[in-house]
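Order of the sequence lines fixes the chain letters, A, B, ..., with proteins taken first and strands second; residue numbering starts at 1 for each chain. Atom set for the values below is all heavy atoms of this structure, side chains included, hydrogens, waters and symmetry mates excluded.
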Protein chains: 2
Amino acid sequence: MADDVHDQDAGMRVVHLLRAITVELDQLGARFAARHALHPTDVRALICLLDAARTGEPATPGTLGARLGLNSAGTTALVDRLEKLGHVRRERDSRDRRRVLLNVDESAVTLGWSFFGPLIHEVVAVMGRFDAADQATIERFLTDVHETVTQQRTCQE
Amino acid sequence: MADDVHDQDAGMRVVHLLRAITVELDQLGARFAARHALHPTDVRALICLLDAARTGEPATPGTLGARLGLNSAGTTALVDRLEKLGHVRRERDSRDRRRVLLNVDESAVTLGWSFFGPLIHEVVAVMGRFDAADQATIERFLTDVHETVTQQRTCQE
DNA sequence: GACAATATCTTGCTCATCGAGATTCTCGCT
DNA sequence: AGCGAGAATCTCGATGAGCAAGATATTGTC
């Protein structure tokens with residue numbers, strides 16, 4: 001039973017750590033936003049768009065708005081802002097001409113890297129201080145947590 | 001060199017996982033907010049207040065606003081909202097009557113647990129599937145990452 | 001006791017987001 | 001073909017969170 005208590009303590013400590021990391025990353029994102037005349041929503045939008053670009057799936061205002069929990073009006077305003085800043089370009093889909101495809105400009109990529117690059121580098125370095133077996137453990141843990149959180153989000157309708 | 005590339009790949013995968021987890025947690029927080037007539041900022045405020053209560057340090061509008069990056073006007077409006085909903089009570093400090101202490105109501109605690117409790121339980125369960133050595137590894141990794149992120153945030157002025 | 005410093009609140013404004021509806025385009029059906 | 005249902009996006013007016021600047025109340029210092 002002592003082990004159970006111990007397990008739960010480690011679990012709670014990890015929960016608090018994950019929450020603390022989330023809060024810190026949020027604030028870092030907010031600072032990045034303020035420094036480049038962006039709103040927090042704009043940063044989240046760019047992250048989503050870059051993710052989509054990385055996985056090769058097409059991005060449209062509809063999918064973006066759904067991902068961010070915005071309605072159509074807010075999504076239009078968001079894309080307007082990003083387009084005005086030159087981070088995104090609208091482009092009519094030639095197949096389905098109702099749709100608008102969103103292309104992320106190179107400037108947004110370099111902008112993101114200039115700000116988050118150092119942090120990413122640091123985290124990779126932290127990871128590098130663990131041996132291969134431990135790295136696999138960490139990756140497995142984070143994958144499980146990600147799955148759990150995603151499930152929690154989607155199952156609550 | 002193949003090992004280097006391998007290390008870096010694992011590092012980048014972990015970075016993406018951490019970011020994905022952050023995004024999911026944000027959206028979960030937003031859903032929690034929408035479901036209880038709260039704004040995202042209100043949720044972040046409650047988290048800060050509960051953190052402060054847990055560590056025993058006194059919470060005031062000033063410290064809260066600083067933590068959230070709000071100015072005094074926004075902080076006043078925020079505390080007004082939370083007080084109107086009964087989640088927080090203002091109370092003049094009897095020693096320094098300029099100050100206002102913020103007391104989190106029990107209702108806010110139970111509200112938070114009713115929503116995030118299941119997720120926390122799940123994450124603890126995920127953690128429980130690892131043996132003690134791996135748990136220590138995970139905790140050490142998250143601690144290092146947290147430190148890195150905090151450092152990155154504070155050093156950028 | 002007058003003055004600077006601190007903590008909080010008030011006022012007037014900007015702008016992101018929402019709800020509702022208009023517009024443009026696609027596709028199945030006859 | 002061509003008409004109508006439905007889908008993707010945009011426009012308009014309203015709401016409200018947050019900001020800048022200043023007001024108010026309280027404390028410590030000379």
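- Sorted by first and then second residue, the pairs that involve residues 36-65 of chain B and meet ring pair (Phe, Tyr, Trp, His ring centres under 6.0 Å), not counting sequence neighbours, are B:Phe32-B:His36.
- Within the structure, a side-chain polar atom (N or O) of B:Arg81 is placed less than 4.0 Å from OP1 or OP2 of D:dG18.
- Put simply, the side chain of B:Leu28 reaches to within 4.5 Å of the side chain of B:Phe115, judged on heavy atoms.
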Would you tabulate the nitrogen or oxygen pairs shorter than 3.5 Å linking the protein to nucleotides 19-29 of chain D?
residue, atom, partner, partner atom, Å
D:dC19, OP2, B:Asn71, N, 3.2
D:dC19, OP2, B:Asn71, OD1, 3.3
D:dA20, N7, B:Asn71, ND2, 3.2
D:dT27, OP1, B:Arg97, N, 3.3

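- The existence of a salt bridge linking A:Arg67 and A:Asp51 is excluded, since no basic side-chain nitrogen approaches an acidic carboxylate oxygen closer than 4.0 Å.
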Working for side-chain hydrogen bond (donor to acceptor under 3.5 Å, both in side chains), residues B:Arg13 and B:His16: CA-CA 5 Å; B:Arg13 282 201 301 274; B:His16 283 306; over 6 Å; no
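- A heavy atom lying under 4.0 Å from DNA chain D marks the following residues of residues 55-65 of chain A, by number: A:Thr60, A:Pro61, A:Gly62.
- For residues 75-97 of chain B, no residue pair satisfies the ring pair (Phe, Tyr, Trp, His ring centres under 6.0 Å) rule, not counting sequence neighbours.
- By the 4.5 Å heavy-atom criterion applied to side chains, A:Leu119 and B:Val149 are counted as neighbours.
- The nearest pair of heavy atoms linking A:Cys48 to A:Leu64 is CB-CD1, 4.0 Å.
- Between A:Arg99 atom CZ and C:dC27 atom C1' there is a gap of 15 Å when expressed in whole angstrom units.
- At a threshold of 4.0 Å, the pair B:Glu83-B:Arg89 does not count as salt-bridged, since none of the basic side-chain nitrogens sits closer than that to a carboxylate oxygen.
- A ring pair (Phe, Tyr, Trp, His ring centres under 6.0 Å) check over residues 55-80 of chain B, counting only residues at least two apart or in different chains, returns nothing.
- Checking the phosphate oxygens (OP1, OP2) of D:dA8, no side-chain nitrogen or oxygen of A:Arg90 falls inside 4.0 Å.
- Panel note: side chain A:Arg92, backbone A:Arg98; a donor-acceptor pair is recorded below 3.5 Å.
- Applying a 4.0 Å cut-off to non-hydrogen atoms, the residues of residues 37-46 of chain A that approach DNA chain C are A:His39, A:Thr41, listed by residue number.
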